[in-house]
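Comments concern the structure below.
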Amino acid sequence: MNQTLQSVRGMNDLLPDEAEFWELFEDTVRSWLKAYGYRPIRMPIVEPTPLFKRAIGEVTDIVEKEMYSFTDSLNGEQLTLRPEGTAGCVRALIQHNLAAQQVRRLYYMGQMFRHERPQKGRYRQFHQVGVETFGLVGPDIDAELILMGARLWDDLGLDGIELQINSLGQPEERAQHRAALVAYFEQYSDLLDEDARRRLYTNPLRILDSKNPQLQEMCAGAPKLIDYLGVESLAHFEGVQRILCDAGLPYTVNPRLVRGLDYYNLTVFEWVTDRLGAQGTVCAGGRYDGLVEQLGGKPTPACGFAMGIERLVALIRDSGGTPAPVAPDVYLVHQGTEAARFAFRVAEGLRDQGVNVLLHCGGGSFKSQMKKADASGATFAVVIGDDEAATAEAQLKPLREGQGAQRKLKVSELAAAIAGQLIDSEIIDEQE
RNA sequence: GCGGCAUUAGCUCAGUCGGUAGAGCACUGGAUUGUGAUUCCAGGUGUCACCGGUUCGAUCCCGGUAUGUCGCCCCA
C-alpha cells in the first residue's frame with residue numbers, strides 16, 4: 001500500500017453504501033426542518049481566522065490547538081477551515097443584514113474541521129447539522145429548539161437519547177460564580193490533584209466533573225451557579241422548563257453542563273447517549289445573545305444547536321437501520337452491433353417515461369450480463385438482441401419472485417408494462 | 001496532545017513454537033455457441049501496513065513510523 005496516497009488522517013471517504021445512508025439521513029433532516037419553518041443557508045468552509053478567535057474565544061481548546069489555520073500564500077490572508085458553524089452563520093447574518101429581513105430560523109449542514117486525535121465518533125473532518133435562530137428572546141424558542149430534537153430522534157427511529165439542560169445565566173452572573181468557585185477551591189488547594197490544579201484558572205467548572213472520589217466529596221459543597229442567577233435568568237430557565245413539562249418531555253437538569261465555546265449564556269442543553277463510548281453527545285446547543293453584537297452586528301438575541309452527523313449515523317447503524325440499496329428498475333442487456341445502438345435509444349426512451357435504467361456497458365455474453373443484472377438489484381432485465389432490434393421489440397424479464405414469465409413486447413409498450421408491474425408488486429409488498 | 005490494544009487476499013478472518021501463507025464470501029470463465037439467483041467444474045490474486053534491528057533466515061521477536069480502535073484531555 002502506497003503510504004503517500006491515503007486520505008488525511010481523520011478525514012474519511014464515504015463509500016456508496018455509506019453515502020446512500022447519509023443521503024437518507026439528510027432527506028429526513030430536511031423534511032423535519034421544513035416542518036418547523038427553517039430555511040437553508042450555506043456558508044464557505046474557509047473564513048478569516050479572526051472570526052473564530054473573536055466568536056469562540058482566544059483561550060478555548062478549539063482556538064488554541066485544534067484549528068486548521070493557514071496563511072494564504074497568494075495574498076497573505078489569515079484563513080481557517082471552520083471548526084464550527086455558528087460563527088460563520090452569524091457573520092453572514094450581519095454581512096447581509098438578514099435580521100432586518102425577518103429571517104429568523106436558519107439551518108445548514110456541512111463539514112467542520114478540528115485537529116483532534118481521531119476516535120470513533122470524532123474525526124478531523126466531521127459533519128454537523130446546525131440550526132440557528134435570531135431575534136427571538138425566548139424562552140419559547142429555546143424550548144422549540146429542544147422539542148425539535150425529540151421529534152427528530154423519533155423520525156430517525158432512535159431511542160435512548162436523553163436530554164440534559166442547564167442555565168449559564170448572564171456573563172456577569174457567571175463571572176461572580178466563577179470567582180466564588182476559584183476562591184472555594186483555593187481553600188482546599190492541598191486536596192486538589194494535578195489535573196484540578198491545572199484547570200483551576202483555565203476551566204474551574206471542569207473540576208466539578210473530576211472522577212477522583214476525594215475531590216467529589218469536596219465538590220459537593222462548592223458554590224452552585226444557580227445560586228448566582230438573577231431573577232430574570234431564573235425566570236427564563238423556568239420558562240423553558242415549563243414548556244418542556246407541558247410537552248411531556250423528560251429531562252435532567254445537570255448543573256455541571258457547560259459549553260466549550262465562550263459565547264453561550266442562559267439556556268444550554270445536550271442530547272446524550274451511552275451507546276457511543278466516550279463521544280456520547282449527539283446534539284448540543286444553547287443561547288448566545290451576545291455573539292451578534294460581539295462580532296459587530298446590532299444586538300440580536302440568538303439560540304441554536306448543532307448535531308454530529310457521524311455520531312447520529314453510527315447510532316442509526318448500531319440500532320439496525322440498514323436501508324435497501326438503491327436499485328434500478330431495469331438493467332438493459334444487449335448483444336450485437338445493431339442491438340447496442342438500439343439499446344441506447346430504448347434506455348433513453350424509458351428514462352423519458354420515468355423508468356430508472358442501468359444500461360449494460362462493456363460487452364460480454366448474455367450470461368455474464370444477466371449475472372450483472374441480477375447483482376444490480378434491478379426489478380427487470382430488458383433483453384435486446386439483433387432480432388429484437390430489427391423489429392423494435394424487447395424481452396421483458398422479471399428478475400424477482402412472483403412477477404410472472406418473460407414476455408416479448410413492442411418497445412413502445414415497455415414503459416407501461418414496467419410501470420404496471422412495479423405498482424402491482426408494491427401493492428403486494430404492502431399486503432405482506 | 002498522552003496511554004493501552006490492533007494492522008495477513010476486494011471483504012470477514014484463520015495460521016506459522018522464526019524456514020516468505022490459507023478458508024469463506026466476492027470476482028472471472030465454463031456445464032451444446034441468446035438469459036441471472038440454487039448446483040457442479042476450473043481460475044487468479046497477497047512486497048502477511050511501512051522502515052529499520054536481532055538472526056544463517058522474520059509475516060511471526062525488538063524499535064520507530066503510519067493508520068485504526070479503546071480510554072484520557074476536549075468536544076458535535
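Chain letters run A, B, ... following the sequence lines, proteins first, then strands; residues in each count from 1. Only a predicted model underlies this, so the values are computations on that prediction, with no experimental measurement involved.
The same atom, C1', is picked in B/rC75 and in B/rC62; the two are 37 Å apart, to the nearest Å. With P as the reference atom, B/rC56 and B/rC50 are 24 Å apart, rounded to whole Å. For the C1' atoms, the distance from B/rG15 to B/rU20 is 14 Å, rounded to whole Å. Rounded to whole Å, the C1' atom of B/rU59 lies 16 Å from the corresponding atom of B/rC13. Of the P atoms belonging to B/rG10 and B/rG19, the separation is 24 Å, rounded to the nearest Å. Comparing the P positions of B/rA9 and B/rA42 gives a spacing of 25 Å, expressed to the nearest Å. The separation of B/rG4 from B/rG64, taken at their P atoms, amounts to 10 Å, rounded to a whole angstrom. Across the P atoms, B/rA21 and B/rG46 are found 11 Å apart, a figure rounded to whole Å.
A/A373 comes within 4.0 angstrom of no nucleic acid atom, judged by non-hydrogen atoms across all strands. Using a 4.0 Å heavy-atom criterion, one finds that A/V383 contacts the bases of the nucleic acid, with or without backbone contacts as well. In this structure, A/Q369 reaches neither bases nor backbone, as no heavy-atom distance under 4.0 Å exists between it and the strands shown. Across all strands, A/Y123 comes closer than 4.0 Å to base atoms (heavy-atom distances). At the heavy-atom level, A/E388 lies under 4.0 Å from base atoms of the strands shown. Using a 4.0 Å heavy-atom criterion, one finds that A/G280 contacts no nucleic acid atom at all. Using a 4.0 Å heavy-atom criterion, one finds that A/G121 contacts the bases of the nucleic acid, with or without backbone contacts as well.
Listed candidates were B/rC72, B/rU67, B/rC75. Nearest to the side chain of A/R311 is B/rC75. The listed nucleotides are B/rU67, B/rG36, B/rG68; the one nearest the side chain of A/Q6 is B/rU67. Distance from the side chain of A/L399 is smallest to B/rG36 among B/rG68, B/rG34, B/rG36. The side chain of A/F366 lies closest to B/rU35, out of B/rG1, B/rU35, B/rC70. Distance from the side chain of A/D374 is smallest for B/rG36 among the nucleotides B/rG36, B/rG68, B/rC70.
Side-chain to base pairing of A/R114 with B/rC75: no donor and acceptor N or O lie closer than 3.5 Å to each other. If you check distances only, the side chain of A/Q406 never reaches the base of B/rG36 with a donor-acceptor pair under 3.5 Å.
The side chain of A/R9 places an N or O atom within less than 4.0 Å of a non-bridging phosphate oxygen (OP1 or OP2) of B/rU67.
Atom pair A/Q279:CD and B/rC73:P shows a separation of 11 Å (rounding to whole Å applied). Atom CD in A/Q119 sits roughly 14 Å away from atom P in B/rC2 (whole-Å rounding). Atom CD in A/Q395 sits about 12 Å away from atom P in B/rU35, given to the nearest Å. In this entry the distance linking NZ of A/K120 with P of B/rA76 reads 20 Å, nearest Å. The interatomic distance linking A/D387 (CG) with B/rG34 (P) rounds to 11 Å, in whole Å. Going from atom CZ of A/R400 over to atom P of B/rU38 covers 12 Å, rounded to whole Å. Put simply, CG on A/L257 is 13 Å from C1' on B/rA76, counting in whole angstrom units. For the pair A/E310 CD and B/rU69 P, the computed distance is 12 Å after rounding to whole Å.
Considering only residues two or more places apart in sequence or on other chains, A/R42 meets the salt bridge (Lys or Arg N to Asp or Glu O under 4.0 Å) condition with none of them. Evaluation of the side chain to side chain donor-acceptor pair (under 3.5 Å) rule for A/E144 yields A/Y38, A/R105 as partners, not counting sequence neighbours. Partners of A/E348 by side chain to side chain donor-acceptor pair (under 3.5 Å), not counting sequence neighbours, listed by chain and number: A/R351. For the salt bridge (Lys or Arg N to Asp or Glu O under 4.0 Å) test, no residue two or more places apart in sequence or in another chain qualifies with A/K34. Looking at residues two or more places apart in sequence or on another chain, you find a side chain to side chain donor-acceptor pair (under 3.5 Å) between A/D374 and A/R400. Contacts of A/L358 classified as side-chain contact (heavy atoms from CB on, under 4.5 Å), with partners at least two apart in sequence or in another chain: A/P328, A/Y331, A/S376. Contacts of A/Q369 classified as side chain to side chain donor-acceptor pair (under 3.5 Å), with partners at least two apart in sequence or in another chain: none.
Between A/Y288 and A/Y264, the ring planes lie perpendicular to each other; the angle is over 60°, past the 30° to 60° tilted range. Between A/Y188 and A/Y184, the ring planes lie tilted relative to each other; the angle falls in the 30° to 60° range.
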*Could you run through nucleotides 24-32 of chain B and give me one letter per nucleotide, 5' to 3': B if any protein heavy atom sits under 4.0 Å from the base, S if only the sugar-phosphate is that close, - if neither?*
----SS---

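A 6.0 Å sphere centred on CZ of A/F70 holds more than 12 heavy atoms belonging to other residues, nucleotides or ligands.
The CE atom of A/M307 sits 5.0 Å away from atom CG of A/L152, with the distance rounded to the nearest 0.5 Å. Taking CD1 of A/I146 as the reference point, atom CD of A/Q241 lies at 9.5 Å (rounded to 0.5 Å). With rounding to the nearest 0.5 Å, the separation of CE in A/M109 from CZ in A/R30 is 4.5 Å.
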If you restrict it to nitrogen or oxygen atoms, what contacts under 3.5 Å exist between nucleotides 3-13 of chain B and the protein, and what is each distance?
from: B/rG3; atom 1: O6; to: A/R117; atom 2: NH2; distance (Å): 3.3

*State the dot-bracket string of RNA chain B. Criteria: Watson-Crick or G-U wobble, both atom distances under 3.5 angstrom; notation: ( ) intrastrand, [ ] crossing earlier pairs, | interstrand, . unpaired.*
(((((((..((((.....[..)))).(((((.......))))).....(((((..]....))))))))))))....

Please tabulate, for the side chains in residues 133-140 of chain A, all donor-acceptor contacts under 3.5 angstrom to protein atoms that are two or more places apart in sequence or on a different chain.
from: A/T133; atom 1: OG1; to: A/C303; atom 2: O; distance (Å): 3.0

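Each salt bridge (charged side-chain N to carboxylate O under 4.0 Å, His left out) pair with one or both residues in residues 119-134 of chain A, not counting sequence neighbours, appears once here: A/E116-A/R122.
Take the nearest nucleotide of RNA chain B for A/E270 and for A/G385: the residue whose nucleotide is more 5' is A/G385. Mapping A/C283 and A/R124 onto RNA chain B via the closest heavy atom, the residue that lands nearer the 5' end is A/R124.
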